[in-house]
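Read the structure below first, then the notes.
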Amino acid sequence: VQGTSFGEREEVESNSFSPAGTPTSRQTEFYQQQLGELLVTGAGNWTPTARDTLNLNFRVMPRLYTNNAAADVRLANGTPFAAIAFDYEEKDVWHLDLGGDWEHRFSPQNAVKLTALFRMINWKPRQVLTQVPLLPPIPQVGSERHDDSDNQAGEPIVRGVWTLKPNAEHTIEFGLEGAYNYREVERVSEIGFIGGPFSPLAVPVASTKVEEERVEASITDVWRMNPQLTLETGFNYEASTISQTISQPASPDIERDFTYPKPRAVLTWVPNKTDQWRFSVVRDVSQLDFGDFATGLDSISAEANVGNPNLEPEQTWKLNAQWKRPIGQRGSISLTGFYDDIEDTQDFIPVVVPCPTVAAPTATCIRTAVGNVGDGERWGGRIETTLQLDGIGVKNGLLKLNVGAQESKVIDPVTGVEREISSEAEYDWSVDFRQDIPSWKVAWGGNYSSIGPNPFYRMDRVEIVDPEEGDLDLFVETTRFLGGALVRLTAANLFDPDRSVDRQKFATTELTPATLPNISPRSTFTGTELRDSTFGRTVQLTIAGAF
């Protein structure tokens, strides 16, 4: 059993400028988030015979999350312009995971294993967005928008694996997996003046159900060529059907069939007692996030995406080379280089959707959706090392360093110009420290992490999210009390890190339903918005125990 309580406050200063750089408005935002979770897990095993083993496990997690926000909007001269309130709550949130496997060994060289998994989550978000204009004449009637959703998602999976060892050099596995994946959203949206009356709000892909039926067959051979060389080769073949029913607004059902061959080869070379080299070529097919098939909820910062029923999985040839060497009993160092050749790259695309307001309830506009933008590339490297600190007097101390850097490129679907892939930072790094003191039943440590600027190429703006300073977290944990339960106290965001967002905004008047299939320059610059966020220091208490 594990209980977690966490609260975080974010403060945002947003300044907007005209194309000439003249200040036009200033917006101050406050977000107070609160998260509470209770995680209950269990596991059991049974060995009815010498050749049979049965394992069962479960996880149940009720969860409550709220985010209450407010914003004060002023003109450049300080005149109050508008007040905004945003209240978001996730109710009836349940995570449920059930799993089990049965293994039967015909002999040491021949065994079968059946695995069954079931995952389910249910949550009901409710959002109220209120906007009150404050410019003269006063009083003015503001607008209020309500969004209520009932969301369900789940995935039952059944997998079978037959393992054979025909000789000392080869281990062969035959696998067959079947899965059913679904996500259902029932959404009611309305808009009107504060206190009503309210009218239904047309939201694209608001109420929908997405289903996937997937079957995957595989064969793998691990060939120990000699004590220094091991070659693993495999071939997976995936066939799936994705169907989507859109009930609001009513639309024809969509059904698409996909088939993907996924070969792979991994060569491991151990030239001596300390060094290991690993080279791999893998054909990977990404799992779709069904959340991208339905429209998200808008917030004060206007970051929601429109649902895209035509999203396809991203397919990638992944080349990877790694060198690894142990350092002492618990330490190690590894260097990794990689190159990804991507098809159907997932990024942001433009779509025409309804965008009604109180004044224009049937208006349409250009919005952003997650979609496929064609071929792309990604390459980079990573260094990971773990060092024991006993040699410098820190008994049972471990220091971990993880540094990565990458580049990418894809063709922008709006401008036709080559750029990096959205949502991917050029670098990240972290340092972790932990020391265990067994005699006290105490451990303590911390983490310092940093990530580079993250670009987002949306249809009406290009924005760079920069976390700026790194984030320092410290923790102390003990099992001395509560019958051996783990009690962990974490202090996060100790440096009170900032995050900046630089938004370069563009008009979408060049993009119309007629021009969308063609390249249209992101040319008419309409201004800049600079957002600076601080998150404040937080304290998190976690209690976990077994019974």
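Along the sequence shown, residues carry numbers from 1.
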Side chains of Q152 and W94, heavy atoms from C-beta outward: is any pair under 4.5 Å? no

Exactly one of V370, I349, N372 should register a side-chain contact (heavy atoms from CB on, under 4.5 Å) with N308. Which one does? I349

Closer than 3.5 angstrom, by distance alone: can the side chain of E314 be matched with the main-chain N or O of Q346 as a donor-acceptor pair? yes

Should we say atom CD of E213 is surrounded by more than 12 heavy atoms from elsewhere, each under 6.0 Å from it? no

Centre of Y457's six-membered ring, under 6.0 Å away, within 45 degrees of the axis: is that where NZ or CZ of R419 sits? yes

State, to 0.1 Å, how close Q315 and V285 come at their nearest heavy-atom pair, and which atoms those are. CG-CG2, 4.2 Å

Show the numbers, then the answer: is there a side-chain hydrogen bond (donor to acceptor under 3.5 Å, both in side chains) between S500 and E468? CA-CA 7 Å; S500 67; E468 298 183 353; 3.0 Å; yes

Can a salt bridge be assigned to the pair K91 and E89 using a cut-off of 4.0 Å between side-chain N and carboxylate O? no

For residues 187-200, the salt bridge (Lys or Arg N to Asp or Glu O under 4.0 Å) pairs (sequence neighbours left out) are D147-R187

Ionic contact status for E463 with R531, cut-off 4.0 Å: no

Residues P80 and L135: closest non-hydrogen pair is O-CD2, 3.6 Å

For the backbone of G99 and the side chain of R59, can you confirm whether one donor and one acceptor N or O come within less than 3.5 Å of each other? no

Determine the interplanar angle of the Y260 and F258 rings, folded into 0 to 90°, and report it as parallel if under 30°, tilted if 30 to 60°, perpendicular if over 60°. parallel

Got a sec: does the CZ of F30 have more than 12 other heavy atoms crowding it under 6.0 Å? yes

Determine, for F475 and R488, whether the Lys NZ or Arg CZ falls below 6.0 Å from the six-membered ring centre while staying within 45 degrees of the axis. yes

Using every non-hydrogen atom in the two residues, find where S18 and T24 come nearest and quote the distance to one decimal. N-CG2, 3.7 Å

Check this for me: does any side-chain nitrogen of one of R159 and E216 sit under 4.0 Å from a carboxylate oxygen of the other? no

Only one of E426, E420, E424 forms a side chain to side chain donor-acceptor pair (under 3.5 Å) with Q406, so which one is it? E424

With no hydrogens and no angle check, just 3.5 Å: does a side-chain donor-acceptor pair link Q248 and S207? yes

Does the plane of the ring in Y448 sit parallel, tilted or perpendicular to the ring in W429? Use 30° and 60° as the thresholds. tilted

